[in-house]
Protein chains: 2
Amino acid sequence: MAEKRMGTESSATRALLLDVTERLMLKKGYAAVSSRSVAKEAGVTAALVHYYFRTLDDLFLAAFRREAERQLVKHDRLLRGDQPLRALWEFSSNPSITALLFEFMALANHRKSIRSEIAEYIERFRRVQIDALSPHLEAHGLGRVDLPPEAIIVSLIGVSRTLAMEQSLGVTGGHPETLALVERYLTRLEGPRPAVPRST
Amino acid sequence: MAEKRMGTESSATRALLLDVTERLMLKKGYAAVSSRSVAKEAGVTAALVHYYFRTLDDLFLAAFRREAERQLVKHDRLLRGDQPLRALWEFSSNPSITALLFEFMALANHRKSIRSEIAEYIERFRRVQIDALSPHLEAHGLGRVDLPPEAIIVSLIGVSRTLAMEQSLGVTGGHPETLALVERYLTRLEGPRPAVPRST
DNA sequence: GTCTATAGTTCGATAGAC
DNA sequence: GTCTATCGAACTATAGAC
């Protein structure tokens, strides 16, 4: 059987469809993404969406990969600065990135092909974090057996993502105390927050 | 205009529909919940679902409330034991409860009526946690200004939920080190894990 | 590269019979 | 309390014209 026609990776329309998909996921959730809703928002027809992405899963996967690669680049750059732990905290506190990751995780929970892709990327981010931060933390005498860099990183990310998610729901109980604790911890390790925040 | 007919709160069928809704959310995600899918799984017709719950939002809300109230009872009991912090850790590490909460949060992100209900319950859980744990932690000299109970609780929950979620995706990077760290921390504060785990 | 047209599903919600 | 029947809408995906 012959191959179905398909759009190329470099197409501007394809990029637009991915933009729209991301926007729609953030604003209305993954369940609001359909070939029709994406097409309408992009000003094209649903058939064209299927021309670039055979199935909806392909569309989700492409959107996830593109954003993950973008974030990996940004992530790498931040971790090479002089306050990598603080940078990691701020990176994983980003509300819209957290919300988007959350949508993809919710989606992944019930779609095999997407789950394995997301798991792979999370592991990849984590390896980069551990590689970048281990020497830095050990220089502060924090690589000790009872406080390994892996545990510091996972905890920091767990707390930041939880705060971000709860905040987007409007929950604030215990947040000020937790933020203050993290801030003291980061200051002790890497000094105070710079007067001019690092650029995004 | 006259009131629409509606089922009563005490109906066994109503309870069954809530059971099915919960099961379906866990297994296939909230997007797989429809009046038809719930009806089919419960062995009734879609019209009957609408007889008990006027809209799908009503169904979701009822399912959330019922489960939240159940968990509040369990939560209360656990926090009154002799290792409340460890109990809180285990409580919020429960994979299926975490997965279900996650589904509801994903749903809530884009449905106003559900969002406010979830936010309210999270705040309620947190107040109970703070009230129960503050005296306990202060007895261990941990209520100090620089390490308030609120921050300990939020951090512990953030880490446990993140580990649970990642685990369900198949991510394990940094988990062993983090689990070991938490275990050492809990042991230092409340002693070792009991030989026979507390019952659920 | 983009469209129209269409097949085949599934959905939310209601009216009204039993 | 539960069902059948139904409206009107939205959905995925494809074939084929332009």
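In what follows, chains carry the letters A, B, and so on, assigned in the order in which the sequence lines appear, proteins first and then strands, with residues in each chain numbered from 1. These numbers come from a predicted model, not from an experiment. The basis for the numbers below is simple: all heavy atoms, side chains too, and nothing from hydrogens, waters or symmetry mates.
A straight line from CG of B/Leu48 to C1' of D/dA5 spans 16 Å, rounded to a whole angstrom. One interatomic measurement links the two molecules: CE of A/Met6 to P of C/dT2, which rounds to 15 Å at whole-angstrom precision. Going from atom OH of A/Tyr51 over to atom P of D/dC18 covers 18 Å, rounded to whole Å. Separating the CG atom of A/Leu59 from the C1' atom of D/dC11 is a distance of 15 Å, rounded to the nearest angstrom. Look at CG on B/Asp57: it is 14 Å from C1' on C/dA13, rounded to the nearest Å. Between the NE2 atom of B/His50 and the P atom of D/dA5 there is a distance of 18 Å, given to the nearest Å. In this structure, B/Tyr30 atom OH and C/dG12 atom P are separated by 14 Å, rounded to whole Å. Counting to the nearest Å, the C1' atom of D/dG1 and the CD atom of B/Glu9 are 17 Å from each other.
In this structure, a donor-acceptor pair under 3.5 Å is absent between the side chains of B/Glu120 and B/Ser116. With 3.5 Å as the limit, one finds no donor-acceptor pair spanning the side chains of B/Gln167 and B/His175. A donor-acceptor pair shorter than 3.5 Å can be found between the side chains of A/His75 and A/Gln129. Checking B/Thr8 against B/Ser11 by side-chain atom types alone, no donor-acceptor pair falls below 3.5 Å.
Side-chain N or O atoms of A/His136 include none that pairs as donor or acceptor with a backbone N or O of A/Ala132 at under 3.5 Å.
Counting non-hydrogen atoms under 4.0 angstrom, A/Tyr52 reaches the backbone sugars and phosphates but no base. Across all strands, A/Arg5 comes closer than 4.0 Å to base atoms (heavy-atom distances). Backbone-only engagement by A/Ser34 is indicated by non-hydrogen atom pairs under 4.0 Å involving sugar-phosphate atoms exclusively.
Of the candidate nucleotides D/dA15, D/dT4, D/dA13, D/dA13 has the atom lying nearest to any side-chain atom of A/Thr55. Taking every side-chain heavy atom of B/Thr45 into account, D/dT4 is the closest of C/dG12, C/dC3, D/dT4.
Each of A/Ala46 and B/Arg36 was matched to the nucleotide of DNA chain D holding its nearest heavy atom; the match closer to the 5' end belongs to B/Arg36.
The phosphate of C/dT2 has OP1 or OP2 within less than 4.0 Å of a side-chain N or O from A/Thr13.
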